[in-house]
Amino acid sequence: MSRAVDTEWVAKNDDQAIPPRVKLRIFAAAGGRCEECTNLIVGKLRPEYDHRVALINGGAHAEHNLQLLCSECHKVKTRADVAEKSTMARKRTKAAGIKKKRTITQWKNFRGEIVTAPRER
């Protein structure tokens, strides 16, 4: 009786750690090179496993969505992912017609008179 071949790994939740066997498969598939800058990952360059489509942007926590990056490329990509997330959140909020609550309701004008905000936004 033969053993079943490993199928693609899919996490049960977003906080689940990537198993070592999956990390080895991703490392081997990338040939030990960063998928962004193609530098060989040895010595100072430590491997980092990144989601191609970030979890915060709707990506899956699964093996097909993981890639091997060096630490420098990972920092750059993470910054871009967070910027994309904030842009999309701002667009969704605007499309839904949601506005921030007014924080300043009273202030002094140039003549020193107290002005009250006419309405809630």
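All values reported here derive from a predicted model rather than from experimental measurement.
- When hydrophobic clusters are built by joining Ile, Leu, Val, Met, Phe, Trp and Tyr residues whose side-chain heavy atoms come closer than 4.5 Å, directly or via intermediates, Leu69 is not grouped with Ile41.
- One distance of note links CD of Glu84 with CD1 of Ile56; it measures 8.0 Å at 0.5 Å rounding.
- Rounded to the nearest 0.5 Å, atoms CH2 (Trp107) and CD1 (Ile114) are 11.5 Å apart.
- Glu63 contributes atom CD, which lies 8.0 Å from atom CZ of Arg21 (distance to the nearest 0.5 angstrom).
- Distance alone, capped at 3.5 Å, is enough to place a donor-acceptor pair between the Asn65 side chain and the Val53 backbone.
- Judged by distance alone, the side chain of Glu8 and the main-chain N or O of His64 form a donor-acceptor pair under 3.5 Å.
- The shortest side-chain heavy-atom distance between Tyr49 and Val22 does not fall under the 4.5 Å cut-off.
- In this structure, the separation between SG on Cys70 and CG on Asp50 is 11.0 Å, given to the nearest 0.5 Å.
- The backbone N or O of Asn39 sits nowhere less than 3.5 Å from a side-chain atom of Arg33 that would complete a donor-acceptor pair.
- The structure places CD of Glu48 at 10.0 Å from NZ of Lys23, a figure rounded to the nearest 0.5 Å.
- Under the 4.5 Å side-chain heavy-atom criterion for Ile, Leu, Val, Met, Phe, Trp and Tyr, Val115 and Phe110 are members of distinct hydrophobic clusters.
- Comment: Glu36 does not engage Lys77 in a salt bridge, judged by the lack of any side-chain N to carboxylate O separation of less than 4.0 angstrom.
- With His51 contributing its side chain and Gly59 its backbone, the two residues share no donor-acceptor pair below 3.5 Å.
- Between Arg90 atom CZ and Ile98 atom CD1 the span is 14.5 Å, to the nearest 0.5 Å.
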